[in-house]
*Asks:* 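Structure provided below as structure tokens; questions to follow.
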Amino acid sequence: MPREGAGPDFIEALARGLEVIAAFGPERPAMTLAEVASATGLARPTARRILLTLAELGYVRSGERGYALTPRVLELGVAYVGSMGLWDVARPHLEALSARTNESCSIAQLDGSDIVYVARASVPKIVSLAVQIGTRFPALPTSLGKVQLAALSPAELDRVLAEPTRSGLAPRWQPSRAERDAALREVRARGWALTDEQLTLGIRSVAAPLRDGSGRVIAGVNVNCHAAETSVEYLVEHHLPLLLATAGDISADFARRESLPHVTLPAS
């Protein structure tokens, strides 16, 4: 997150506050004041003021192990998902797809060079990476990322992938530019993406793009499985047709929702 904005309206204090929230994660669920200052590069007095402000607003709490986020932080993500309307549209389709495949199914959107999960219907299986709403992975080695990166222009693609990942994960697949471009050309040609243990061992997935009413790719939807349980052939032959039908249904419903008139009624 930038410390200094490009214009006079940039609020540095707000940027620093968001940076403190983003510093917490699965590997750092609780931090002392010194750890927060170190993780963000902020001076300790500044980090302390931000933490006390966030605590007063209900976004962090202090305890024996230091400071930790509270569930209220989820309201920030829920507000985004709710404003998109994507979850309301996708939920029945995603749950039906998960039931028919007996696999976890997710929707994610691009955020820089990463994908961020915004909706999920999961089944209780042990996988090597835990996924929940808000989880972030590098986009390129994921099927969800590939279907969205493939929709970008060459200039947009270079700009997006130039941004460093904020996932904290080093993927197994580290392609050259030529390998990357060839993989994305294949995704564009067939309209879906497959990853076979490119992010990490044990995970295979297939994804399709979700589109708005203008045909613009706004997200990706996938079926995720364990490599030891599901072959690539079964994933493509059985799960992929169900996924493509689901992606079409979600996109159609989202386009219909967008076309409806939105009327704000005056308060009585």
Side-chain angles (χ1 to χ4, degrees), residues 1-2 22 25-27 77 80 84 86 94 103-120 127-212 215-227 230-232 235-236 239-240 243-244 247 250-251:
M1 184 174 298
E27 297 179 357
Y80 169 73
M84 284 290 296
L86 190 56
L94 206 60
E103 301 288 358
S104 296
C105 304
S106 305
I107 293 175
Q109 294 183 296
L110 275 181
D111 181 22
S113 63
D114 294 334
I115 56 165
V116 177
Y117 285 76
V118 299
R120 183 165 171 84
V127 293
S128 55
L129 289 175
V131 175
Q132 57 191 348
I133 304 302
T135 294
R136 173 184 295 272
F137 290 140
L140 190 57
T142 67
S143 60
L144 287 165
K146 282 189 176 75
V147 294
Q148 296 177 78
L149 293 172
L152 301 178
S153 69
E156 289 176 313
L157 179 65
D158 287 341
R159 177 182 57 79
V160 164
L161 293 182
E163 297 185 31
T165 178
R166 292 190 282 137
S167 68
L169 182 69
R172 296 182 68 230
W173 187 48
Q174 300 282 348
S176 66
R177 185 187 181 95
E179 290 172 326
R180 178 202 77 185
D181 291 345
L184 294 181
R185 278 197 302 270
E186 184 177 13
V187 172
R188 279 193 294 273
R190 64 189 182 187
W192 52 273
L194 170 76
T195 54
D196 183 11
E197 301 185 280
Q198 291 180 329
L199 181 65
T200 190
L201 286 172
I203 294 180
R204 288 185 179 130
S205 69
V206 63
L210 296 178
R211 302 177 184 274
D212 62 13
R216 181 175 61 94
V217 174
I218 57 171
V221 57
N222 83 341
V223 177
N224 183 80
C225 63
H226 199 292
T230 306
S231 67
V232 170
L235 183 62
V236 172
H239 293 347
L240 177 60
L243 171 69
L244 292 175
I250 294 173
S251 296

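Note that the numbering runs from 1 along the sequence shown for the chain.
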*Asks:* Test your reading of the model: is there a side-chain donor-acceptor pair from Asp114 to the backbone of Arg166, 3.5 Å cut-off?
*Replies:*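 Looks like yes, one N/O pair under 3.5 Å.
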*Asks:* Please test Arg120 against Ile107 for side-chain contact (heavy atoms from CB on, under 4.5 Å), starting from the C-alpha separation and ending with a verdict.
*Replies:* CA-CA 6 Å; Arg120 183 165 171 84; Ile107 293 175; over 6 Å; no
*Asks:* Drop me the distance from Lys146's NZ to Ser205's OG, to the nearest 0.5 angstrom.
*Replies:*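 Taking NZ in Lys146 and OG in Ser205, the distance rounds to 8.0 Å.
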*Asks:* Counting N and O atoms only, with roles assigned by atom type, does the side chain of Gln109 sit under 3.5 Å from a partner on the main chain of Ile218, one being a donor and the other an acceptor?
*Replies:* yes
*Asks:* In this structure, which one of Val147, Leu240, Asn224, Asn222 forms a side-chain contact (heavy atoms from CB on, under 4.5 Å) with Val206?
*Replies:*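 Single side-chain contact (heavy atoms from CB on, under 4.5 Å) partner of Val206 among Val147, Leu240, Asn224, Asn222: Leu240.
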*Asks:* Strictly distance-based, threshold 3.5 Å: is any side-chain N or O of Glu186 a donor or acceptor partner for the main-chain N or O of Ala182?
*Replies:* no
*Asks:* For residues 147-157, which residue pairs qualify under salt bridge (charged side-chain N to carboxylate O under 4.0 Å, His left out), counting only residues two or more places apart or in two chains?
*Replies:* none
*Asks:* For the residue pair Thr230 and Cys225, what are the closest heavy atoms and their distance?
*Replies:* CB-SG, 3.6 Å
*Asks:* Tell me whether Asp181 is salt-bridged to Arg188, with the criterion being a basic N under 4.0 Å from an acidic carboxylate O.
*Replies:* no
*Asks:* Considering all heavy atoms of both residues, which atom of Pro141 and which atom of Thr195 are nearest to each other, and what is their separation?
*Replies:* O-CG2, 3.3 Å
*Asks:* Mind checking what makes salt bridge (Lys or Arg N to Asp or Glu O under 4.0 Å) contact with Asp196, not counting sequence neighbours?
*Replies:*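 Per chain and number, Asp196 pairs via salt bridge (Lys or Arg N to Asp or Glu O under 4.0 Å) with Arg204.
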*Asks:* Under the salt bridge (Lys or Arg N to Asp or Glu O under 4.0 Å) rule, collect the residues that match up with Glu163, sequence neighbours excluded.
*Replies:*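 Residues passing salt bridge (Lys or Arg N to Asp or Glu O under 4.0 Å) with Glu163: none at all.
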*Asks:* Over all heavy atoms of both residues, which pair between Gln148 and Ala108 is shortest? Give the atoms and the distance, please.
*Replies:*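 It is NE2-O, 3.1 Å.
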*Asks:* Quick check for you: to the nearest 0.5 Å, what is the distance between Ser106 atom OG and Gln132 atom CD?
*Replies:*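 Between Ser106 OG and Gln132 CD, I get 11.5 Å after rounding to 0.5 Å.
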